Amino acid sequence: MSIIAASVLAFSFMSDSTYDAKITWWGIIVGLLSLRIIDTVIWYMQNRHVRTPNGRLALWRFSFGCILTAIAWGVYPVYFFDKMEIVEFSTTAIIISALAGGSTTVLAGSRHLSIIFTVILVIPFSIVGLSSVDKSHYSLGFLGIFFCAIMVITGMKMARFTLEAIKLKNVNFKLLDELKNNKDQASIVNLELKQATTQLNSVNRDLEQEVIKRTEKIFQLSNLDTLTGLRNRTAFTAELDNLIEKSVHNGNPVALLFIDLDGFKKINDTMGHQVGDRTLIAVANRLAAFSDANRCGRWGGDEFLVALSYSDQDTAMSIACAMMTSIAQPINVNGNELYLSASVGIALAPVHSLNAADLIQLADLTMCEQKQLGIRKPRVFSTELKSKIEASQLILEGLQHALEKKQLYLCYQPIQCAKDNTTWSFEALLRWNFDGKFIGPDVFIPLAEKSGLIKEIGAWVLNRACMDAIHWQFNQTAAVSVNVSVIQLMDDGFIRLLDNILRSSGLPPERLHLEITESTFVDNEKKIRTQLKEIQSRNIHVSIDDFGTGYSSLSQLQTLPVNYVKIDKAFVDNIEGKGDAIIRATLFIARELNCKTVAEGVETREQALALSAMGVDFLQGYYFAKPMKNEDLIIWQNPISNFPV
Ligand code: C2E
Ligand code: MG
Ligand code: MG
């Protein structure tokens, strides 16, 4: 605007006399203004991207430029006054006033500069006007002073206003900055939050997965058998209860199968637990094929349970037969072909019971019965079996109090030397008078063994027999043969018990013989061997009872430290038939192994003579004497005087 105004002023009122001066003035003002424009452009270019530029020096340059411009303008009316017409003077006054008016706004950013600029612009032409005698000039000069005063006041006001506006703007900028910062921080926080949420979500997902996994694990630990993956006792019983409840509701029968493997223990003992475990897994898989996974359970050891819904007696029998066939198929473990069989007992709901635990017990008892009888067929629980079981329970209850009620006593049966018919030993045989009813040891001993009562009863027998024997004045050389159950023998305290009894009774150990039934040697052979060695180291002799009736025999006889083999009554009974060959074979082996032989159940003279002729060392049986009470032994006279012939 200044350049335009200066150009208009300089060239509009140009005359020959002022030409050079006006061109010079114009040149100065245009040059000055151009420099200022350049300075502004350079400053702008330099600070374009600077958020808060250092404006102090630029401000000084700007102020300096302004003042020089004002001076240049101020000079014009003073210098050219003499050659000016009133029109030019008026135009100059108007232009300068307009510039001064504009400066109050344009330079309002600096109060001092705005005032100085106005004053430098307006005062020179006002003074020149006032000093003139011409009225018009004077009036314009006066108006100039007045205008200058107003402009100074306006300039001051504008400056204050602008300063505040700038301050406000800066504050706003700051606020905006802070706001932006806050916004930036907020977005950072938001981003972090977002990331955290994503992480949290993934952690949550992982956690959920972990919870599911753990729940599964807990379920497995608490419900599944760790080896086979079948239901464990608790879980199976609960499932069976559920099934029974549903079946009662629907009116459909449920069959429970109790499966026990035959001969598994042997696999475990001879081939190791690893093979045993893999065999159990294989059996479990075969059984699981017959029912839902949650209806197959492992009861313990080699015992399994299968529940069949919608299954009556016939269906259960057919499935049980199929299971037995499946188990009988060879099992391949580590390249070994293993053969197993199983005994199966069946109980039905609702016929036999509506309670899972009872049903399992009934199926178990049925299975045990079948196993004992050695019948390789499944069996369904029956009332006949029920009365047998009840009778057993009655006996067992009675047996628990038999000792304290003094219902147990010992009878002694002589064992004769085959060579000279002298009494070599007396076998102690337990008797039980159960409230006036005689119960045979064949009935109550297996029950006592099963219930664990045998330890207490056996200890009593051993003590009684030793006490009786030490008082046999009629025969101070004969031994006493005591039957000992394998369960007693396996007990860690047995040897200590033996020592205590020998010490307290005063019976020389060589007068004590122990008879252990052969069939029971099968299990835990190693422990039995160490126990037998302990016994023999005390000079107590050991017999294998009922030899030939058990599973083991010959191979075990080689390794077990025994002194006598007792040939079972069954072979003596059959001495005229196949028994003869068996007895001869037994005698041969016994001789090879340095064992003496005893034949039991000798009822006739013929048997006695035949056995003696065969080389049997000792004979026992009704032919010589039946078992007698201790008090009757003193008066016992050997009725066989002409033996051997
Ligand atoms: P065992 O040790 O083989 O005893 C021989 C059994 O045959 C006895 O039966 C005896 O009375 C019977 N006996 C002996 N000679 C003859 C005979 O000529 N003819 C016939 N028919 N029988 C004869 P018992 O006393 O009934 O004992 C049966 C089984 O009970 C015993 O067989 C033994 O295994 C067991 N037992 C008896 N007492 C005890 C005991 O105190 N502890 C243990 N653990 N078992 C015992
Ligand atoms: Mg015996
Ligand atoms: Mg016997």
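Quick note: numbers below take in every heavy atom, side chains included, and nothing from hydrogens, waters or symmetry partners. Counting starts at 1 for both ligands and their atoms, in listed order. The structure displayed is predicted, hence computed values, not measured ones.
Using a cut-off of 4.0 Å between Lys/Arg side-chain N and Asp/Glu carboxylate O, K388 and E384 are scored as not salt-bridged. A salt bridge does not link R591 with D617: every distance from a Lys NZ or Arg NE/NH1/NH2 to an Asp or Glu carboxylate oxygen is 4.0 Å or more.
Counting only N and O atoms by type, the side chains of T366 and D364 include no donor and acceptor under 3.5 Å apart. Judged by distance alone, the side chains of N463 and S505 never bring a donor and an acceptor atom under 3.5 Å apart. Of the N and O atoms on the side chains of S353 and N355, not one donor lies less than 3.5 Å from an acceptor on the other residue.
Each of V598, D568, T586, T597 was checked for a side chain to side chain contact (heavy atoms under 4.5 Å, CB included) with F547, and the lone residue meeting it is T586.
Here the two rings, on F643 and F624, have centers that are under 6.0 Å apart. Taking the six-membered ring for Trp, W472 and F426 have ring centres closer than 6.0 Å.
Neighbouring protein atoms of the Mg ion (ligand 2) (N, O or S, distance under 2.8 Å, waters ignored): E427 OE2, N483 OD1, E515 OE1, D545 OD2.
Each of Q413, E427, L429, L430, R431, P441, D442, I445, V461, N483, S485, E515, D545, D546, K569, E600, G601, V602, E603, G621, Y622, P627 has a non-hydrogen atom positioned under 4.0 Å from some atom of ligand 1.
Ring pair W299/F258 is perpendicular by interplanar angle, where above 60° counts as perpendicular and below 30° as parallel.
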